[in-house]
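Both counts, for ligands and for their atoms, begin at 1 and track the order of listing.
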Amino acid sequence: MPRTVITFGTFDVFHVGHLRVIERAAALGDRLVVGVSADALNLRKKGREPVFSQDERLAIVAALKPVSAVFVEESLEQKRDYILEHGADVLVMGDDWAGRFDEFEDVCEVVYLPRTPAISTTALIEKIAGSV
Ligand code: CTP
């Protein structure tokens, strides 16, 4: 049986921190499925519209070599359903979420990966906005 890894994120203004987490997540199994958060979810979660629409963000993530499949994450409350639906054996999250998803250890392995230092979409937007 192939080992399926699942991870979630906004992946807006795609940067190398996103690439690294996807590469490291993929290395933990045979196939990687990525839930890309919906525009409406982002507005609720971060209080702003993403720079790139969910269709654009999905297209970028889907085109990455380590990614086998993508889907839209409509709600944070549906994580368990997504894990079961996609037959995930491992849930990978950045360590900014450390401990927050331990409740899913009854259905899959839960792994928190360290973030790539010194880069984030929010910091990039601020940097670009400050330089124009
Ligand atoms: N991530 C990472 N290293 C970074 C930035 C993000 O490993 N420097 C990971 C996050 O931990 C998450 C995934 O990339 O697993 C998607 O994160 P996302 O929230 O979309 O990206 P951020 O750059 O953190 O966005 P923001 O600044 O808007 O919070």
**Student:** Search all heavy atoms of D102 against all heavy atoms of Y112 and return the closest pair with its distance.
**Tutor:** OD1-OH, 2.6 Å
**Student:** Numbering the atoms of ligand 1 from 1, which are under 4.0 Å from a heavy atom of T116?
**Tutor:** 2 (C), 3 (N), 4 (C), 7 (O), 8 (N)
**Student:** Has ligand 1 got any nitrogen or oxygen that is less than 3.5 angstrom from a nitrogen or oxygen of D96?
**Tutor:**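 Yes, at least one N or O pair falls under 3.5 Å.
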**Student:** Rounded to the nearest 0.5 Å, what separates atom CG in L41 from atom CD in E73?
**Tutor:** 5.5 Å
**Student:** Return the orientation label for the H15 and H18 ring planes: parallel under 30°, perpendicular over 60°, tilted otherwise.
**Tutor:** parallel
**Student:** Contact between ligand 1 and R20 is defined here as a heavy atom of the residue under 4.0 Å from a ligand atom; is it met?
**Tutor:** no
**Student:** Any idea which protein heavy atom is nearest atom 15 (O) of ligand 1, and the distance to it?
**Tutor:**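 Nearest protein contact, heavy atoms only, for atom 15 (O) of ligand 1 is G94 N, 3.5 Å.
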**Student:** Check for me, please, whether V110 and I6 land in the same ILVMFWY cluster - side-chain distances under 4.5 Å, paths through other members count.
**Tutor:**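 As far as the 4.5 Å side-chain criterion goes, I6 and V110 are connected within one cluster.
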**Student:** Atoms of ligand 1 less than 4.0 Å from H15 heavy atoms?
**Tutor:**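 Per the distance check, 5 (C), 23 (O).
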**Student:** Give the contacting part of T122 toward ligand 1: side chain, backbone, both or neither, where contact means a heavy-atom distance below 4.0 Å.
**Tutor:** both
**Student:** Considering all heavy atoms of both residues, which atom of R115 and which atom of I119 are nearest to each other, and what is their separation?
**Tutor:**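 Of all heavy-atom pairs spanning R115 and I119, the closest is NH2-O, 3.9 Å.
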**Student:** Looking only at N/O atoms, are I119 and ligand 1 under 3.5 Å apart anywhere?
**Tutor:**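 Yes, I119 has an N/O under 3.5 Å of an N/O on ligand 1.
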**Student:** Going by heavy-atom distance to atom 21 (O) of ligand 1, choose the closest among R24, K46, H18, E126.
**Tutor:** H18
**Student:** In the protein, what heavy atom is nearest to atom 9 (C) of ligand 1, and what distance, to one decimal place, separates them?
**Tutor:**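 For atom 9 (C) of ligand 1, the nearest protein heavy atom is V21 CG1, 3.8 Å.
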**Student:** Taking C-beta and beyond as the side chain, do I22 and V61 meet within less than 4.5 Å on heavy atoms?
**Tutor:**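 They are in contact (side-chain heavy atoms under 4.5 Å apart), so the answer is yes.
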**Student:** Tell me the protein heavy atom at minimum distance from atom 12 (C) of ligand 1, and give that distance in Å.
**Tutor:**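 In this structure, atom 12 (C) of ligand 1 has F8 O, 4.4 Å as its nearest protein heavy atom.
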**Student:** Do S37 and N42 meet the criterion of a side-chain donor-acceptor pair at a distance under 3.5 Å?
**Tutor:** yes
**Student:** Side chain, backbone, both or neither: which part of D95 has a heavy atom under 4.0 Å from ligand 1?
**Tutor:**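 Near ligand 1, D95 shows nothing, with every heavy atom at 4.0 Å or more.
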**Student:** Going by distance only, is there an N or O of F11 that falls short of 3.5 Å from an N or O of ligand 1?
**Tutor:**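 So ligand 1 has an N or O lying under 3.5 Å from an N or O of F11.
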**Student:** Suppose we measure from atom 5 (C) of ligand 1 to each protein heavy atom; which comes out shortest, and what is that distance?
**Tutor:**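 For atom 5 (C) of ligand 1, the nearest protein heavy atom comes out as R115 NH2, 3.3 Å.
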**Student:** Hydrophobic clustering (ILVMFWY, side-chain heavy atoms < 4.5 Å, transitive) - are V51 and L58 grouped together?
**Tutor:**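 Different clusters.
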**Student:** For a quick test of reading the model, state the closest non-hydrogen atom pair linking E74 to A38 and the distance between them.
**Tutor:** OE1-CB, 3.7 Å
**Student:** For ligand 1, which part of K45 has a heavy atom less than 4.0 Å away: the side chain, the backbone, both, or neither?
**Tutor:** neither
**Student:** Please list, in number order, the atoms of ligand 1 under 4.0 Å from a heavy atom of T10.
**Tutor:**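 Near T10, meaning under 4.0 Å from one of its heavy atoms, ligand 1 has 20 (O).
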**Student:** Which atoms from ligand 1 have a heavy atom of R48 less than 4.0 Å away?
**Tutor:**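 Ligand 1 atoms under the 4.0 Å threshold to R48: 28 (O).
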**Student:** Is the NZ or CZ atom of K79 positioned over F8's six-membered ring, under 6.0 angstrom from the centre and within 45° of the axis?
**Tutor:**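 Yes, K79 lies over the aromatic ring of F8.
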